[in-house]
Structures are given as C-alpha cells and as structure tokens.
Amino acid sequence: MGLTLFNTAGPGLEPFVPIRDGHVGLYCCGPTVYNYAHIGNLRTYVFEDVLRRVLERHGYDVAHVMNVTDVGHLTDDADEGEDKMLVGARERGMSVWEIAEFFTRAFFADIGKLNVVPPTTVCRATEHIPEMIELISRLEERGLTYQAGGNVYFSIDAFPRYGELARLDRQELRAGARIAVDSAKRNPHDFVLWFTEGKFEHQAMQWDSPWGRGYPGWHLECSAMSMKYLGEHFDIHCGGVDHVNVHHTNEIAQSEGATGKRWVNYWLHGEFLIMPSGRMGKSEGNMITLSTLEEEGYHALDYRYFLFGAHYRTQLSFSVEALDAARSARASLLEHLRSLAADAPGGPSRELGHDARRALQRIDDAFNDDLNAPRALGLLRAFLKDDTVAAAERLAVAYDTDGVFGLDMQTSLARREQLAPEHAAMIVEREEARKARDFATADALRDRLREAGVVIEDTPSGTKWKIV
RNA sequence: GGCGCCGUACCCAAGUGGCUAAGGGAGAGGUCUGCAAAACCUCCAUUCACCGGUUCGAAUCCGGUCGGCGCCUCCA
C-alpha cells in the first residue's frame, strides 16, 4: 500500500508522489522563539515527525527544512504593534538576540525529549534577510507590490489565485470584522512585505533595504528560505491548521507570485490540542509546557504516547486524566515488551511468520493511510497480546514499527535495567528483612525505593525491580 | 455574521456502506502474595447526541434539531 496523505490544497486524500524519485522536499513551519513552546505547539512537531519517519520508512531521502522565526512577528494584530521579541526581551531584561537564542535552544531541547528527529536544515529568519529582500524585488518587478505609509505591501488583487488553499471566497472576506484595518492598504487582505523604521521606532532588529531601513513581514521568511533550500517547487509543506487562512495563503501568494509557477504540491495541517477552556495559547492563559509536565512527574514520551491517542487531523482534548491514561499505557507497553524479551532470549526474531508479517503490514498500512497513528498503535497492542505468535516475533514487530512510533522502546526498556548501587543495596537489605519476617522494615525500604523511582515486585521466582 | 470540523462505553479515542463497533486508561471479579505491586484470566456500548430519509443493509450517505470546538486576528 502506498502512502496516502490529506492535502489541504487538493481534493483531500491523495496518493503521495514525489517530484523526484526517491527524494522528498519537506518544509515545516518552525517556532517563533519569543517564549517556550507549549504542548499544543509540540503536537504539531510530533505529527510532522511521524510524517518524516514514514517517508523515510518508504526509503525516501528527506530534505527536512524548518525555520526559526526570530524576527518579524508582531504582538498586535493587523500589522500593528511591537515585535513579540521585543516584548519578551523587555520582560526578561535580555537583548532580543539573547532571548531568541535562549528559546531556540529550549525549543530543540523539547522536541529532542519528544524523540523528534531533528530537521536536516534549520534556518533562522534573521540570517536570510538578503534572500527576503531579493524576493520582494522579484515581486516588485512583476507588479505585485505597492508602497504606502512607509511599508511595502503585497497586492492580492494582482494575484488572481489568492486564497485558493483556504478556499476563501474573495467576496466574502470580511477584513476588519474584529480589528481595525490598516488604512494604507488598498485591499484589507493585502499584507506587509517590508516594514520601514519610520513606522515603529522601537523595533530592535532592523536592516537596510531598497525601501528603507526596517524589517521583513512575517510570511516572507518561509517563502524565501524554503525556496533557497528546497527549490522553487517542492513536495510538502506542513504546519498547524491556524496557518491555512493567513500565513500559508500569503506564503503561496508571494512565492507563486514571484516564480509564476506552482510552489508546493502537498499541504498538511495538524489540528489543535484543546483544553477544557478551548485552544491553548499564551493569550488564552492556559499554556502548559513540556517542562511543566515533567515537573508533574510525566516523561516526555508519555506525552508523545498521549498524542498517538488521536489522529493528527482531529482536535485532541487534553486533560490530566487522559495524560495519566497515556502514562499508564506506556508503562504497560514497556512492561509487556519486557516480558516478551524475557521469553525471547535470542532477542527479536529476524524472520517473521505469516501472522507477524500480516500484523506488520497492517500497522504500516495504518501509517500509510494519512498517518493514522492511533489505529497503528491499537493494532500493535492487539498484536502484542496474540500469544499464538512467538515472543521473539512480537518483539521484532514492536521494535520495527517503533521506527515510526518513535517511542524509544528498546532504550526505555534498557534504562529500566540500570540500578544505582545504593538502591541495589537497599533491595538486598529488604530481602534479608523479609526472610527474617521483619515486614515493617521491608515495607519501609520498599516505600523509600518507590520514592527513588524503583518499584519492587515480589514474585514467586524472587524479588524483581524496575525503574519508573 | 461567514466558513469548517466534531458529537462512539466512566475517560481518551479508532472506525468513512456489510465479519463479533479497534486499542488504551479507569472500574469489577479471580489467580498469585506476609501485605502490596506487577502480571495473567474473566467481565465492562444489541449500540454509535437526537429526529427523519436513502439502501437488501448505516456509527458510516442525505436533510433537520440540539450541543461542543476551531478559523475568519499574531497564534501549532
């Protein structure tokens, strides 16, 4: 079964066919580094990671590019207001460059903990200003821009295909329904390509340009950098659903406006993580970071497992109950694998029988069906319970498919085997207490070990322990 | 106001015309145990928000009602 993906820019589900055999150009909208990423943001990167892993499982050589937006986002709407970087810097007493670096590191640390395979190319907006200026010049040559009020704007009326991605009805666009319209715009949906210093005196990051000293509009970086690293026509562009209407719509307008040809073949969009109070966001005041979860005693991979509870194109409800369920589920999965490993002294089987091959195929089919991770995980767990199949084969299927799940099954298992010497000593001490039928001492030791993250299990074949 | 998505057991959810409605968590009973924990076994939706319709047949398609969410604004 070939890979089928849901293309926002197409009729929906479509077979994936790369532009160049064996190669895939993949661009994923990256973080704005003025704050920590919250777990809603991270959901999107995990979805993209599954895509990356599935593509590589198909044998594609994936050029995976991600931008880091360290300039250009405005705190306010409608192209007004201060740069978010500036606000963040002021709050923390850091320079905008320092704060960008700080949160960039924090971001990659987070996705690393989630076992997200790093992009092959990470590019910073501030390091690609010349490319952005070049792109504006191309648009200018083609008559798609105008200058007004100190800014350079993209004129959507000069680009007939504007809004096709989001299926926007040009007549129905109601700009200004909730915000004040920039009076310099000819069409309310025109957007800024270049801001000049005359407009915002406090903008911290500025560059010289043919239109005056200033800084680029937000959408520009993705167009300029993706084309630099992936060419003017590439395979897949990903991001969150919130980007469909504005960000990606504008990216398409300026990219295709500049080249006069098709830019991206497949657009994939991940849905939101929903809190009881609705969408997660800084302004909504319901932000949870990965660090928050870790402080609460969850492992980053518990969150990754949690995300596999729902398909990437459906909203996922977040709750501590649901996260607890995922943590328990991941623990039981590892426990299950441990017992299978114990029954398979030779390790995972290299040869698979009919049933194991079929299970493997069905799991791959689920991933190939628009990255259906929840179905794949359900199939894996059902298969692992099938004791008509040799433990070694079940283990082999689990480890093999973990190449896509990315739950780090083998490593997580191994980690549980590493016992600190003082804990080993306590276990021995407890065994002696039990033999002496001094259960009070034994139970106290068990409690202390539990607090240290070592769980004790007395079984007919002796006392066992594991790291949690 | 416009556009779109969703509503499956206590919870998270898969399922997109036809085998017994995945899987996980929680819960109940049992085996085991000094007690626990874990593991294993068993049980846990004749039913898919509600009402109509299409069909030999629908959770799955169509229409309506109610409810939730998202986008239309920087935002994953």
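Below, chain A is the first sequence line, B the second, and so on; all start at residue 1.
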Nearest-Å distance once atom P is located in both B:G30 and B:G18
41 Å
Begin with the C-alpha distance, continue with both residues' side-chain angles, and end with the deciding distance and a verdict on salt bridge (Lys or Arg N to Asp or Glu O under 4.0 Å) for A:Glu271 and A:Arg279.
CA-CA 10 Å; A:Glu271 255 295 352; A:Arg279 167 184 187 164; over 6 Å; no
Strictly by Watson-Crick or wobble contacts shorter than 3.5 Å, is anything paired with B:A38, and which nucleotide is it?
none
Taking the C1' atom of each, how far is B:U16 from B:C61, in whole Å?
9 Å
Which base sits across from B:G67 as a Watson-Crick or G-U pair, both distances under 3.5 Å?
B:C6
Mate of B:C32 where both pairing distances stay under 3.5 Å, Watson-Crick or G-U:
none
Looking at B:A14, I'd like to know if its phosphate oxygens (OP1 or OP2) sit under 4.0 Å from a side-chain N or O belonging to A:Thr314.
yes
Identify each atom pair where a protein N or O and an N or O of nucleotides 21-24 of chain B are less than 3.5 Å apart, giving names and distance.
from  : atom 1 : to       : atom 2 : distance (Å)
B:G24 : OP1    : A:Lys385 : NZ     : 3.3

Take atom C1' in B:G53 and the same atom in B:C12, then report the distance between them in whole Å.
33 Å
Could you work out the separation of B:A9 and B:G25 based on their C1' atoms and round it to a whole Å?
13 Å
Atom CD1 of A:Ile39 to atom C1' of B:A76: distance rounded to whole Å?
12 Å
Taking a pair as Watson-Crick or G-U wobble with both distances under 3.5 Å, which nucleotide is matched to B:G23?
B:C12
Please give the distance between the C1' atoms of B:U65 and B:C72 as a whole number of Å.
26 Å
Measure the shortest side-chain to side-chain distance between A:Val389 and A:Asp386 over non-hydrogen atoms and say whether it is less than 4.5 angstrom.
yes
Taking atom C1' of B:G34 as reference, at what distance in whole Å does atom CD1 of A:Ile456 sit?
16 Å
Any donor-acceptor N/O pair, A:Lys185 side chain to A:Asp190 backbone, under 3.5 Å:
yes
NA contact type, A:Asp443, heavy-atom cut-off 4.0 Å: base, sugar-phosphate, or nothing?
base
Ignoring hydrogens and angles, tell me if any N or O in the side chain of A:Asn7 forms a donor-acceptor pair with the backbone of A:Glu14 under 3.5 Å.
no
Would you please classify the geometry between the A:His269 ring and the A:His248 ring as parallel, tilted or perpendicular, with 30° and 60° separating the classes?
tilted
Figure out the CD/P separation between A:Glu335 and B:A37, and round it to whole Å.
14 Å
Map A:Gly270 and A:Ala166 onto RNA chain B by nearest heavy atom, then report which one ends up closer to the 5' terminus.
A:Ala166
Evaluation steps, salt bridge (Lys or Arg N to Asp or Glu O under 4.0 Å), between A:Arg375 and A:Asp369
CA-CA 10 Å; A:Arg375 193 164 80 212; A:Asp369 181 11; 3.1 Å; yes
So how far is it from A:Glu429 CD to A:Thr441 OG1, rounded to the nearest 0.5 Å?
8.0 Å
Rounding to an integer number of Å, can you tell me how far A:Trp267 CH2 sits from B:C71 C1'?
17 Å
What is the distance, rounded to the nearest whole Å, between atom CZ of A:Phe306 and atom P of B:C11?
15 Å
For A:Arg434, which contact category applies under a 4.0 Å heavy-atom criterion: base, sugar-phosphate, or nothing?
base
Select one nucleotide: of B:A14, B:C74, B:A76, the one nearest the side-chain heavy atoms of A:Val246.
B:C74
Any donor-acceptor pair under 3.5 Å joining the side chain of A:Arg446 to the base of B:C35?
yes
If you measure from the P atom in B:G52 to the same atom in B:A13, how many Å do you get, rounded?
29 Å
Determine if A:Phe439 stacks with B:G34; use a centre-to-centre distance below 5.5 Å and an interplanar angle below 30° as the criteria.
yes
Does OP1 or OP2 of B:A13 have a side-chain N or O of A:Ser317 closer than 4.0 Å?
yes
Re B:U54: Watson-Crick or G-U wobble partner, both distances kept under 3.5 Å, found to be none
For the pair made of CG in A:Asn372 and C1' in B:A14, what is the distance, rounded to whole Å?
7 Å
B:U46 to B:C10 separation - P atoms, rounded to the nearest Å:
10 Å
Considering only B:A76, B:G34, B:C71, which nucleotide approaches the side chain of A:Arg430 most closely?
B:G34
Test A:Tyr312 against A:Val50 for side-chain contact (heavy atoms from CB on, under 4.5 Å), laying out the working first.
CA-CA 10 Å; A:Tyr312 79 89; A:Val50 171; over 6 Å; no
Considering only the P atoms, how many Å lie between B:C40 and B:C48, rounded to the nearest integer?
33 Å
So what does A:His269 hit on the nucleic acid, given a heavy-atom distance under 4.0 Å: a base, only sugar-phosphate, or nothing?
nothing
Hey, which sits more toward the 5' end of RNA chain B by its nearest nucleotide, A:Arg437 or A:Glu271?
A:Arg437
Can you find a donor-acceptor pair, distance only, under 3.5 Å between A:Asp458 side chain and B:C35 base?
yes
In whole angstroms, the gap separating P of B:U33 from CD of A:Glu457 amounts to 15 Å
For A:Leu307 and B:A13, give me the distance from atom CG to atom C1', rounded to whole Å.
13 Å
Give A:Leu273 one of three labels, base, sugar-phosphate or nothing, depending on what nucleic acid heavy atoms sit under 4.0 Å from its own.
base
Apply ring-ring contact (aromatic ring centres under 6.0 Å, His included) to the pair A:His219 and A:Phe191, showing each step before the final yes or no.
CA-CA 9 Å; A:His219 314 296; A:Phe191 52 94; 5.3 Å; yes
Could you tell me whether a side-chain N or O of A:Arg304 sits under 3.5 Å from a main-chain N or O of A:Gly406, the two making a donor and an acceptor?
yes
